[in-house]
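First the structure, in the form of structure tokens, and then the observations on it.
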Amino acid sequence: MAVKVYIVYYSLYGHVERLAEEIKKGADSVDGVEATLWQVPETLPEEVLGKMGAPPKSDVPLINPKELPEGDGFVFGFPTRFGMMAAQFKSFLDATGSLWQTQKLAGRPAGIFYSTGSQGGGQETTALTAITQLVHHGMLFVPIGYTFGSGMFEMNEVKGGNPYGAGTYAGGDGSRQPTKLELEQAFHQGKYIATITKKLKKE
């Protein structure tokens, strides 16, 4: 039976989704692992999204909180809003109360990834505040640390992400797209968490 890694994300302008796609590739590269992309529901009305210039959502299916226990490992992704996860993803997690009461997700490994508008936009604070959600569910936070190697020490180009997880900078107007190095880090994160999830599932 395949080890299931769920990549659950919210993406408004597509930056987080692009990272999610690469994380899936990394997870799928591990033998015996089956990675699945899921989106969390949008909370903003279509009229507001239109005024914000948000593109249409992709055909990646929406996930119901009740489906989370079917995954063996998770990677949660979201844009940053004032140094914390976007309200859409927080709203999704707020709907997992029944899973928390029964600790259905306890012991499951989980990583996080994110996008910010600028280098000072809160990539580390977003990660730190997101960990509290995992703690209350009893999940095992899996940071990538410095396992990405030399890419973690890149100084000649702007690069999102850190030891907490993969990341990208969208730019103030959202025009900047994930770079080759940022996508490579996302691939690494997917492979890394999939490997750990597989080991834990066997024990």
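The first residue of the sequence shown is numbered 1, and numbering continues consecutively from there. Nothing here was measured: the structure is a model prediction, and the numbers come from that model.
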Thr125 side chain vs Gly83 backbone, donor-acceptor pair below 3.5 Å: yes

Test item: Gln103 side-chain N/O and Trp100 main-chain N/O as donor-acceptor pair under 3.5 Å: yes

Side chains of Glu42 and Tyr10, donor plus acceptor under 3.5 Å: yes

Ile7 CD1 to Gln39 CD distance, which is reported to the nearest 0.5 Å: 12.5 Å

Polar side-chain atom of Asp72 near backbone of Val5 as donor-acceptor pair, under 3.5 Å: no

Side chain to side chain contact (heavy atoms under 4.5 Å, CB included) assessment of Leu183 paired with Leu19: CA-CA 6 Å; Leu183 294 176; Leu19 293 179; 4.2 Å; yes

Path from Ile131 to Met85 over hydrophobic side-chain contacts below 4.5 Å: yes

Same apolar cluster (I L V M F W Y, side chains within < 4.5 Å links), Val75/Leu140: yes

pair Gln185-Met152: side-chain heavy atoms closer than 4.5 Å: yes

Test ring pair (Phe, Tyr, Trp, His ring centres under 6.0 Å) applied to Phe76 and Tyr9, Tyr114, Phe89, Phe92, the passing residue: Phe89

Shortest non-hydrogen contact between Gly26 and Ser29, atoms and distance: O-OG, 2.6 Å

Separation between CD1 of Ile193 and NZ of Lys198, rounded to the nearest 0.5 Å: 16.0 Å

Residues Glu21, Lys24; criterion salt bridge (charged side-chain N to carboxylate O under 4.0 Å, His left out); working and verdict: CA-CA 5 Å; Glu21 293 168 348; Lys24 181 181 187 302; over 6 Å; no

Separation of Thr96 OG1 from Leu105 CG (nearest 0.5 Å): 7.0 Å

Side chain Ser91, main chain Ala87, donor-acceptor under 3.5 Å: no

From CA spacing to verdict: side chain to side chain contact (heavy atoms under 4.5 Å, CB included), Lys199, Ile196: CA-CA 5 Å; Lys199 288 180 179 179; Ile196 291 176; 5.6 Å; no

Over 12 non-hydrogen atoms of neighbours within 6.0 angstrom of CE in Met84: no

Flag side-chain contact, heavy atom, 4.5 Å: Glu124 against Tyr164: yes

Parallel, tilted or perpendicular: rings of Phe148 and His188 (30°, 60°): tilted

Beyond-backbone contact of Pro109 with Phe74, side-chain heavy atoms, under 4.5 angstrom: no

Glu70 atom CD, neighbour heavy-atom count above 12 within 6.0 Å: yes

Distance in Å, Met139 CE paired with Leu99 CG, rounded so as to fall on 0.5 Å steps: 9.5 Å

In one Ile/Leu/Val/Met/Phe/Trp/Tyr side-chain cluster, 4.5 Å: Leu68, Leu93: yes

Any donor-acceptor pair under 3.5 Å from Lys25 side chain to Gly190 backbone: no

Side-chain heavy atoms of Val16 within contact of Phe78, under 4.5 Å: no

Stepwise side chain to side chain contact (heavy atoms under 4.5 Å, CB included) check, Arg18 with Thr168: CA-CA 10 Å; Arg18 184 66 190 91; Thr168 187; over 6 Å; no

Glu47 atom CD: more than 12 heavy-atom contacts under 6.0 Å: no

Exercise: identify the closest heavy-atom pair between Arg108 and Lys104: NH2-O, 3.4 Å

Trace of the side chain to side chain contact (heavy atoms under 4.5 Å, CB included) decision for Leu12 with Leu49: CA-CA 9 Å; Leu12 183 61; Leu49 291 172; 3.6 Å; yes

Single-linkage hydrophobic cluster, 4.5 Å side-chain cutoff, Val3 and Val142 together: yes

Shortest non-hydrogen contact from His15 toward Ser115: CB-OG, 3.8 Å

Greater than 12 external heavy atoms within 6.0 Å of Lys191's NZ: no

Pairwise distance NZ(Lys4) to OH(Tyr6) - rounded to 0.5 angstrom: 4.5 Å

Minimal non-hydrogen separation, Gly161 against Gln123, with atom names: N-OE1, 2.8 Å

Verdict with reasoning, Ser58 to Glu17, per side-chain hydrogen bond (donor to acceptor under 3.5 Å, both in side chains): CA-CA 9 Å; Ser58 69; Glu17 184 167 70; 2.6 Å; yes

Nearest heavy-atom neighbours spanning Leu62 and Val40: CD2-O, 3.7 Å

Cluster link Val60 to Ile23, ILVMFWY, side chain under 4.5 Å: yes

Flag for Thr116-Thr80: side-chain donor and acceptor within less than 3.5 Å: no

Minimum heavy-atom distance between Arg176 and Thr179, given as atom pair plus value: NH2-CG2, 3.1 Å

Short side-chain to backbone donor-acceptor contact, Thr102 and Ser98, under 3.5 Å: yes

Close side-chain approach of Ser118 and Tyr169, heavy atoms under 4.5 Å: no

From NZ (Lys159) to CD (Glu182), nearest 0.5 Å: 7.0 Å

Asp173 atom CG, over 12 foreign heavy atoms within 6.0 Å: yes

